[in-house]
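Here's the structure we're looking at; comments come further down.
Each chain gets a letter, A, B and so on, in the order the sequences are listed, and its residues count up from 1.
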Number of protein chains: 2
Amino acid sequence: MEKNDALYALAALGQETRLDVFRLLVKAGNEGMTAGAIAEALEVLPNTLSTHLAGLSRSGLVKAEREGRSIHYRSNLDTMQQLVTYLLQDCCGGNPELCAPILKIVGTDASQEDGSC
Amino acid sequence: MEKNDALYALAALGQETRLDVFRLLVKAGNEGMTAGAIAEALEVLPNTLSTHLAGLSRSGLVKAEREGRSIHYRSNLDTMQQLVTYLLQDCCGGNPELCAPILKIVGTDASQEDGSC
DNA sequence: TCCATATTTCGAGAATACTCGAAATATGGA
DNA sequence: TCCATATTTCGAGTATTCTCGAAATATGGA
């Protein structure tokens with residue numbers, strides 16, 4: 001992940017409605033939710049939500065897929081992992097033994113296949 | 001961690017200079033860096049940097065400590081871990097087996113003593 | 001084709017955030 | 001005490017972001 005990608009993702013999450021949306025979708029898991037269902041759950045106007053969903057989509061934190069008349073949104077935890085990895089890159093000047101506790105946070109073994117939850 | 005704490009932290013990281021500062025301090029590790037050294041490394045005016053450091057401090061992502069005439073800043077990875085934990089809370093509706101890959105990211109075993117790197 | 005549903009796009013006003021120069025505060029040493 | 005260094009605070013201008021109403025687009029069914 002490059003700096004601008006990280007910035008987009010972090011800026012996206014640093015706004016209350018978008019953070020609420022992301023967490024709602026994390027909870028919803030694989031099924032995801034339609035834009036309408038999200039708007040209703042969070043009591044946000046559909047057009048305002050649409051703007052926020054666009055931001056989250058651009059950042060890669062959520063994925064959109066049209067299903068009939070609705071559009072389903074799902075969280076994309078791959079991006080989340082890449083983000084955390086980026087944030088903790090070169091931790092302690094490349095001496096990871098100095099910060100072992102925190103490095104547990106990042107699954108650096110890359111054993112992950114599907115982060116879409 | 002509560003929502004507002006997460007919002008402060010994410011908003012703090014969602015700005016280029018502050019993201020640069022945080023990553024610089026993550027790399028610097030335990031020694032940290034003085035405000036002046038950070039300003040020089042990132043080529044930011046000291047007063048502008050000071051504003052950003054205040055934001056990062058408020059969010060708990062960095063810790064400040066006066067040492068003589070200078071003030072040393074260090075990243076605080078405890079806050080980082082709490083943040084990631086918050087973001088992925090209730091992943092997949094509380095069925096973590098559905099999203100095992102990503103849950104590796106969060107060290108839920110709480111075996112960590114010192115996250116200050 | 002026509003209509004209802006679902007979502008997005010556009011435009012504008014209000015609020016918030018960023019940056020900078022100038023001035024203030026804090027510390028240590030002569 | 002006086003001065004130099006290190007950092008922060010203040011105030012203002014500019015830029016960006018957020019929200020909303022209105023209008024546009026896309027889909028599926030009668």
Side-chain angles (χ1 to χ4, degrees), chain A residues 3-25 28 31-76, chain B residues 3-25 28 31-76:
Chain A
K3 182 157 86 172
N4 276 337
D5 299 324
L7 278 170
Y8 283 133
L10 290 162
L13 292 173
Q15 197 276 335
E16 183 165 16
T17 302
R18 289 190 298 259
L19 179 59
D20 288 343
V21 169
F22 179 75
R23 298 227 313 144
L24 190 61
L25 290 177
E31 294 185 28
M33 291 175 74
T34 65
I38 299 169
E40 192 180 4
L42 300 180
E43 300 183 76
V44 183
L45 288 178
N47 57 350
T48 300
L49 177 66
S50 181
T51 303
H52 290 310
L53 284 171
L56 285 165
S57 285
R58 248 181 278 118
S59 76
L61 286 165
V62 310
K63 293 289 180 192
E65 194 178 356
R66 182 173 277 278
E67 292 178 16
R69 263 189 276 214
S70 310
I71 299 186
H72 270 254
Y73 283 90
R74 295 178 180 80
S75 62
N76 180 10
Chain B
K3 182 156 87 173
N4 276 337
D5 300 323
L7 277 171
Y8 283 133
L10 289 162
L13 292 173
Q15 198 276 335
E16 183 164 16
T17 302
R18 288 190 300 259
L19 179 58
D20 288 342
V21 169
F22 179 75
R23 298 227 312 143
L24 190 61
L25 290 176
E31 294 186 28
M33 291 174 72
T34 65
I38 298 169
E40 193 179 3
L42 299 180
E43 300 182 76
V44 183
L45 289 178
N47 58 350
T48 300
L49 178 66
S50 180
T51 303
H52 289 311
L53 284 170
L56 285 165
S57 285
R58 248 181 278 118
S59 76
L61 286 165
V62 309
K63 294 288 181 194
E65 195 179 355
R66 182 173 278 278
E67 293 178 15
R69 264 188 274 213
S70 310
I71 299 185
H72 270 254
Y73 285 89
R74 295 178 181 80
S75 62
N76 179 11

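- Look at dG13(C): its Watson-Crick or wobble partner, with both distances under 3.5 angstrom, is dC18(D).
- Between the side chain of Arg66(A) and the main chain of Gly68(A), a donor-acceptor pair closer than 3.5 Å is present.
- Heavy-atom minimum distance, Ala6(B) versus Leu19(A): CB-CD2, 4.3 Å.
- If you take CZ of Arg66(B) and P of dG28(C), they are 8 Å apart, rounded to a whole angstrom.
- The distance from the CG atom of Leu7(B) to the CZ atom of Arg18(A) is 10.0 Å, given to the nearest 0.5 Å.
- Interatomic distance, Leu61(B) CG to Leu53(B) CG, rounded to the nearest 0.5 Å: 12.0 Å.
- The side chain of Gln15(A) lies closest to dT19(D) when the candidates are dT19(C), dA26(D), dT19(D).
- Atom pair Glu67(B):CD and dT27(C):P shows a separation of 13 Å (rounding to whole Å applied).
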Which atom pairs link the protein and nucleotides 21-24 of chain C when you take only N or O atoms and keep those under 3.5 Å?
from    : atom 1 : to       : atom 2 : distance (Å)
dG21(C) : N7     : Asn47(B) : ND2    : 2.6
dG21(C) : O6     : Asn47(B) : ND2    : 2.8
dA22(C) : N6     : Asn47(B) : ND2    : 3.2

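- The interatomic distance linking Asp20(B) (CG) with dT19(C) (P) rounds to 11 Å, in whole Å.
- If you find the closest nucleotide of DNA chain D to Ala11(A) and to Ala35(B), the one lying nearer the 5' end belongs to Ala35(B).
- Using the Watson-Crick or G-U wobble rule with both distances under 3.5 Å, dG21(C) pairs with dC10(D).
- Put simply, CD on Glu65(B) is 16 Å from C1' on dA6(D), counting in whole angstrom units.
- Expressed to the nearest 0.5 Å, how far NZ of Lys3(B) lies from CG of Asp20(A) amounts to 3.5 Å.
- Here CG of Leu56(B) is found 11.0 Å from OG1 of Thr51(B). Values are rounded to the nearest 0.5 Å.
- The distance from atom CZ of Arg18(B) to atom C1' of dT19(C) is 12 Å, rounded to the nearest whole Å.
- Spacing between atom CG of Leu49(A) and atom C1' of dT7(C) amounts to 10 Å, rounded to whole angstrom units.
- Per the geometry, NE2 belonging to His72(A) stands 16 Å off C1' belonging to dA26(D), to the nearest Å.
- A distance of 12.0 Å separates CG in Leu24(B) from OG1 in Thr17(B), rounded to the nearest 0.5 Å.
- Side chain of Asn76(A) to backbone of Lys63(A): no donor-acceptor contact under 3.5 angstrom is found.
- Under the Watson-Crick or G-U wobble criterion, with both distances below 3.5 Å, dG28(D) is paired with dC3(C).
- The environment of Glu67(B) atom CD is dense: over 12 non-hydrogen atoms of other residues, nucleotides or ligands sit within 6.0 angstrom.
- Close to dA6(C), at under 4.0 Å from its OP1 or OP2, lies no side-chain N or O of Tyr73(A).
- Residue Arg69(B) places its side chain closer to dT5(D) than to any other of dT7(C), dT8(C), dT5(D).
- Sorted by residue number, the members of residues 50-61 of chain B with any non-hydrogen atom under 4.0 Å from DNA chain C read His52(B).
- Put simply, the side chain of Ser50(A) never gets that close to the backbone of Pro46(A): no donor and acceptor are under 3.5 Å apart.
- Between Ile71(A) atom CD1 and dT9(C) atom C1' there is a gap of 13 Å when expressed in whole angstrom units.
- Taking only side-chain atoms of Ser70(A), from C-beta outward, the nucleotide of dT7(C), dT8(D), dT8(C) with the closest atom is dT7(C).
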